[in-house]
Every structure is written in C-alpha cells, then in structure tokens.
Colleague: 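Okay, handing you the structure first.
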Amino acid sequence: MWCPSASLSVWANSWLAGAAAPDDVLDALSVWAPSHSVTAYDAVAAGRTGLPWPDLHDAAAVSLLQTVRAAAGPPGGAPPIRVALPVPGDVRGLPAGTQFQQDAIAVGEAVIVSGDAADGTAVGLVPEFEYPEDHPDDFAESDGGDETAPTGLSWTVYSLPTVPPTEHVDLGDVEYGLRTAVRSAAQALDALQVGIAGTDLDDPRLLVEQIVESHRLHRIPAHAPGRALRVLETASHVDAIITVSSGLSPIGLQSSSEVRIADDALRPLAHVVRTARLAAVNAIIASAWR
C-alpha cells in the first residue's frame with residue numbers, strides 16, 4: 001500500500017493528534033527520498049498554508065509539516081487528513097473538474113487536508129519524484145549512488161473548492177473480500193508458475209515475497225488497529241501477485257486466450273486491493289484520535 005501520500009497521511013495525522021513527533025513524520029518520508037520540498041500551485045493555496053507567493057521557490061521538508069499543520073487548523077478531535085489512491089474510472093474522494101484531480105490521477109495518489117472544509121481551508125497535495133536527470137549537477141556532486149533512485153520528492157499544494165465526503169468502508173467487509181481475492185490471485189500465480197517451468201525466469205513466488213518484504217520497510221504507528229494491519233498485509237500480498245503476474249504472464253502463458261483469461265481474473269483484484277488499503281489507512285488515521 002505504501003506510497004508517499006500514505007506515509008504523509010498516516011504519520012502527519014498521528015503527529016497532529018499528539019501520538020507522534022515531527023521527527024517520526026520526517027523519518028517516514030525519508031524512506032521515499034533523501035529530500036522533500038513543497039510549493040504552492042496557486043495563490044489561494046499559498047494563503048491557506050503560508051507558502052511563498054508569487055515568487056515560487058521550493059520549501060524544505062520542515063515547511064511541508066508547517067503546511068499540513070496550517071491547513072489542518074486547530075485540533076478538533078477528528079482526523080483532518082486523508083489519502084486518495086485514484087485511477088482512471090475510480091476518482092473517489094477527489095473534487096471533480098480540478099487540476100488537483102487531474103494531477104492526482106496522473107500519479108495515482110494524493111493527500112487531502114481539510115481541517116475545516118466549510119471554512120474554505122481545504123488543500124490537496126500531490127507528490128512527484130525527482131530523479132538524477134532532473135538535477136544532474138546535484139547527482140554529480142553526490143557520493144555516487146543509484147542513477148535510478150529518486151533524489152527528492154516535490155509536493156505541490158492546491159486549493160480545493162470542495163471536499164467530497166469520506167467513504168466509510170468496514171474493515172470486516174474488505175477483509176472478507178480480500179480472502180476471496182487471495183484465492184483468485186493464488187490460482188493465477190499457480191498457472192503462471194506452471195507456464196514458466198523449465199525456463200530461466202525467476203520463481204514468481206520468490207518475486208512476490210521480495211515485493212512484500214519491501215513494503216515492510218515502512219513503519220506504522222503503534223496505535224494502528226490489529227485488523228487494519230492484517231488487511232494491509234493481505235492487500236500487499238495480493239498486490240504483489242498482481243504485479244508479478246502482469247509482468248510475466250505474456251511469457252508464462254502459451255496463448256493469447258490464456259493471457260486474456262489471466263488478465264480478466266486479475267483486473268477486479270486491483271479494485272479490491274485499493275478499497276482495502278483505503279479502509280485500512282482510514283482506520284489507522286482514525287485510531288490516533290481515540
């Protein structure tokens with residue numbers, strides 16, 4: 001599930017609720033990139049958060065925390081932050097017809113901070129990774145490193161005219177849906193494993209475990225409910241199977257009809273995974289205020 005927006009949403013919310021320190025937020029974000037910056041997209045967003053305008057310059061990671069706190073307003077006993085994981089055709093939680101919606105769909109994630117949406121202070125944040133080719137001089141001056149690893153993460157802050165209501169999804173319901181998804185994903189993986197037997201391709205199950213293990217690098221606040229953690233772990237496993245199967249199925253399956261059948265079986269699982277992750281993250285966010 002982990003993405004920069006989820007890390008910021010979970011840990012910044014815990015910080016605002018008094019359940020985490022600012023350094024906890026920065027540590028969670030540092031897993032994604034060594035540096036973070038934040039810039040206002042428009043004058044209204046700048047006014048709501050205190051970011052500079054009209055002279056645009058990137059503020060540092062500490063300013064990102066200040067931006068979130070300014071947008072959240074005084075503590076009100078309810079979570080002011082939520083995460084969105086949009087894809088084309090599923091833009092739940094995003095204000096329609098906005099540049100924020102378009103940019104969030106393009107990267108597949110976003111954060112919404114609405115301390116008092118009725119007061120017109122809601123903002124949205126969209127992250128974008130920066131890579132060495134974006135800043136070749138900075139990379140040349142560094143101590144080497146992976147040319148494919150991000151050098152930074154920039155957050156753009158948008159003013160939001162409205163904020164759609166949060167969709168409540170019961171964790172018990174998504175846990176049941178995930179059990180069905182696990183069976184379907186396992187069947188697809190078994191078919192793929194048979195298809196690549198005797199080839200030089202890596203074992204799909206090993207690839208799945210490697211992806212799942214990479215997700216465990218991201219810390220979760222201690223107040224997270226146990227059921228939410230189980231849902232995240234299961235969703236991570238199903239998502240890893242989808243990722244591996246999507247990459248190997250054209251090789252491991254023998255005919256176009258087999259590929260189509262496998263795609264048809266896996267496609268609905270992505271929706272189940274996204275819904276489960278949103279429900280789990282929302283449960284973790286809410287638990288900080290109890």
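Values reported hereafter were calculated over all heavy atoms of this structure, with side chains retained and with hydrogens, waters and symmetry mates removed. Because the structure is predicted, anything quoted here is derived from the model rather than measured.
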Colleague: Do the side chains of Glu213 and Arg216 get close enough for a salt bridge, i.e. N-O under 4.0 angstrom?
Modeller: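 Salt bridge flag = yes for Arg216 with Glu213.
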
Colleague: Do Trp15 and Asp24 come within less than 4.5 Å of each other through their side chains, counting heavy atoms only?
Modeller: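 When only atoms from C-beta onward are counted, Asp24 and Trp15 do not touch, as no gap falls below 4.5 Å.
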
Colleague: Do Pro127 and Ser154 touch side chain to side chain, with heavy atoms closer than 4.5 Å?
Modeller: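 Side-chain contact under 4.5 Å: no.
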
Colleague: When rounded to the nearest 0.5 angstrom, what distance separates CG in Leu153 from OG in Ser37?
Modeller: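 So the CG of Leu153 and the OG of Ser37 are separated by 7.5 Å.
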
Colleague: Could you please spell out the steps behind the side chain to side chain contact (heavy atoms under 4.5 Å, CB included) verdict for Val174 and Arg277?
Modeller: CA-CA 9 Å; Val174 299; Arg277 285 174 164 169; over 6 Å; no

Colleague: Which pair of non-hydrogen atoms, one from Ala286 and one from Pro79, has the smallest distance, and what is that distance?
Modeller: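 For Ala286 and Pro79, the tightest heavy-atom pair comes out as CA-CG, 3.8 Å.
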
Colleague: Are side-chain heavy atoms of Thr39 and Leu51 found at a separation under 4.5 Å?
Modeller: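 Not touching, per the 4.5 Å side-chain cut-off.
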
Colleague: Passes side chain to side chain contact (heavy atoms under 4.5 Å, CB included), Ile112 versus Leu94? Steps please.
Modeller: CA-CA 9 Å; Ile112 296 174; Leu94 299 181; 4.2 Å; yes

Colleague: Please determine whether the number of non-hydrogen atoms from other residues, nucleotides or ligands lying under 6.0 Å from atom CD of Glu175 exceeds 12.
Modeller: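 Correct, the count exceeds 12.
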
Colleague: Within this structure, what is the CG-CG distance for the pair Leu29 and Leu65, rounded to the nearest 0.5 Å?
Modeller: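 The distance works out to 7.5 Å.
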
Colleague: Run the side chain to side chain contact (heavy atoms under 4.5 Å, CB included) check on Val38 and Thr49 step by step: do they pass?
Modeller: CA-CA 11 Å; Val38 57; Thr49 59; over 6 Å; no

Colleague: Hey, are the side chains of Leu85 and Cys3 touching, using non-hydrogen atoms and a 4.5 Å cut-off?
Modeller: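 Touching, per the 4.5 Å side-chain cut-off.
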
Colleague: With the 4.5 Å side-chain cut-off for hydrophobic clustering, are Tyr176 and Val231 part of the same group?
Modeller: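 No; Val231 is not reachable from Tyr176 via cluster members.
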
Colleague: Does Arg219 offer a backbone N or O that forms a donor-acceptor pair with the side chain of Trp11 under 3.5 Å?
Modeller: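 Yes; judged by distance alone, with no hydrogens or angles, the pair exists.
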
Colleague: Could you grab the distance from atom NE2 of His271 to atom CG of Asp90, nearest 0.5 Å is fine?
Modeller: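 Atom-to-atom, His271:NE2 and Asp90:CG are 6.0 Å apart.
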
Colleague: Please confirm whether the backbone N or O of Ala6 pairs with a side-chain atom of Ser9, one donor and one acceptor, at under 3.5 Å?
Modeller: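 Flag not set: sc Ser9 to bb Ala6 has no pair under 3.5 Å.
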
Colleague: Check the hydrophobic clustering (I, L, V, M, F, W, Y; side-chain heavy atoms under 4.5 Å; chains of links allowed) and say if Val87 and Phe100 are grouped together.
Modeller: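 Shared cluster, no.
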
Colleague: List the atom of His36, the atom of Ser30, and the distance in Å for their closest heavy-atom pair.
Modeller: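 Looks like NE2-N, 4.2 Å.
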
Colleague: Flag yes if more than 12 heavy atoms outside Arg82 fall under 6.0 Å of its CZ atom; otherwise flag no.
Modeller: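 Yes - once you tally the heavy atoms of other residues, nucleotides and ligands closer than 6.0 Å, there are more than 12.
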
Colleague: For Ser35 and Thr151, indicate whether the former's side chain and the latter's backbone hold a donor-acceptor pair under 3.5 Å.
Modeller: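 Indeed, once roles are kept as given, a pair shorter than 3.5 Å links the two residues.
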
Colleague: I'd like to check the side-chain hydrogen bond (donor to acceptor under 3.5 Å, both in side chains) partners of Thr234; sequence neighbours left out, ordered by chain and number.
Modeller: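 side-chain hydrogen bond (donor to acceptor under 3.5 Å, both in side chains) list for Thr234, sorted by chain: empty.
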
Colleague: Is a side-chain donor-acceptor pair under 3.5 Å present for Asp103 with Tyr158?
Modeller: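 Yes, Asp103 and Tyr158 have a side-chain donor paired with an acceptor closer than 3.5 Å.
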
Colleague: Compare every heavy atom of Ala283 with every heavy atom of Arg290, then report the nearest pair and how far apart it is.
Modeller: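 Closest pair (atom of Arg290, atom of Ala283, distance): NH1-O, 4.4 Å.
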
Colleague: Measuring only between side-chain heavy atoms, which start at C-beta, is Val68 closer than 4.5 Å to Trp155?
Modeller: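 No, side chains not in contact.
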
Colleague: With rounding to the nearest 0.5 Å, note down the distance linking CD1 in Ile242 to NE2 in His237.
Modeller: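 Rounded to the nearest 0.5 Å, the CD1-NE2 separation comes out at 11.0 Å.
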
Colleague: State the CD1-CG distance between Ile241 and Leu269, to the nearest 0.5 angstrom.
Modeller: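 Reported value, rounded in 0.5 Å steps: 9.0 Å.
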
Colleague: Can you check whether Thr162 reaches Thr98 side chain to side chain, under 4.5 Å on heavy atoms?
Modeller: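 With C-beta onward as the side chain, the pair stays apart.
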
Colleague: Looking only at non-hydrogen atoms, find the nearest pair between Ala110 and Ala104 and report the distance.
Modeller: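 Taking Ala110 first and Ala104 second, the nearest heavy atoms are CB-CB, 3.7 Å.
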
Colleague: Just by distance, do the side chain of Thr243 and the backbone of Asp239 share a donor-acceptor pair under 3.5 Å?
Modeller: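 Looks like yes, one N/O pair under 3.5 Å.
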
Colleague: Taking all non-hydrogen atoms of both residues into account, name the closest pair between Ala46 and Pro52 and its distance.
Modeller: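 Here Ala46 and Pro52 meet closest at CB-O, 4.2 Å.
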
Colleague: Let's go through Leu16 and Arg69 carefully: what are the C-alpha distance in whole Å and the side-chain angles of both, what is the deciding distance for side chain to side chain contact (heavy atoms under 4.5 Å, CB included) to 0.1 Å, and is it a yes or a no?
Modeller: CA-CA 7 Å; Leu16 293 175; Arg69 182 166 58 185; 4.1 Å; yes

Colleague: Return the CG to CD distance between Leu125 and Glu109, rounded to the nearest 0.5 Å.
Modeller: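 Reported to 0.5 Å precision, the distance equals 11.0 Å.
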
Colleague: Checking side-chain polar atoms at under 3.5 Å, does Asp42 have a donor or acceptor matched by the opposite partner on Trp53?
Modeller: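 Distance-only check fails for Asp42 and Trp53.
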
Colleague: Looking at side-chain heavy atoms only, is the closest gap between Val238 and Val272 below 4.5 Å?
Modeller: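 Side-chain contact under 4.5 Å: no.
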
Colleague: Is there side-chain contact between His168 and Asn282, with heavy atoms separated by less than 4.5 Å?
Modeller: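 No - every pair of side-chain heavy atoms lies 4.5 Å or more apart.
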
Colleague: Of all the heavy-atom pairs spanning Leu229 and Ala224, show the shortest one and how long it is.
Modeller: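 Answer, listing the atom of Leu229 first, then Ala224: CD2-CB, 3.9 Å.
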
Colleague: Please check: side-chain N/O of His223 versus main-chain N/O of Ala19, any donor-acceptor pairing under 3.5 Å?
Modeller: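 Not confirmed, His223 side chain does not pair with Ala19 backbone.
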
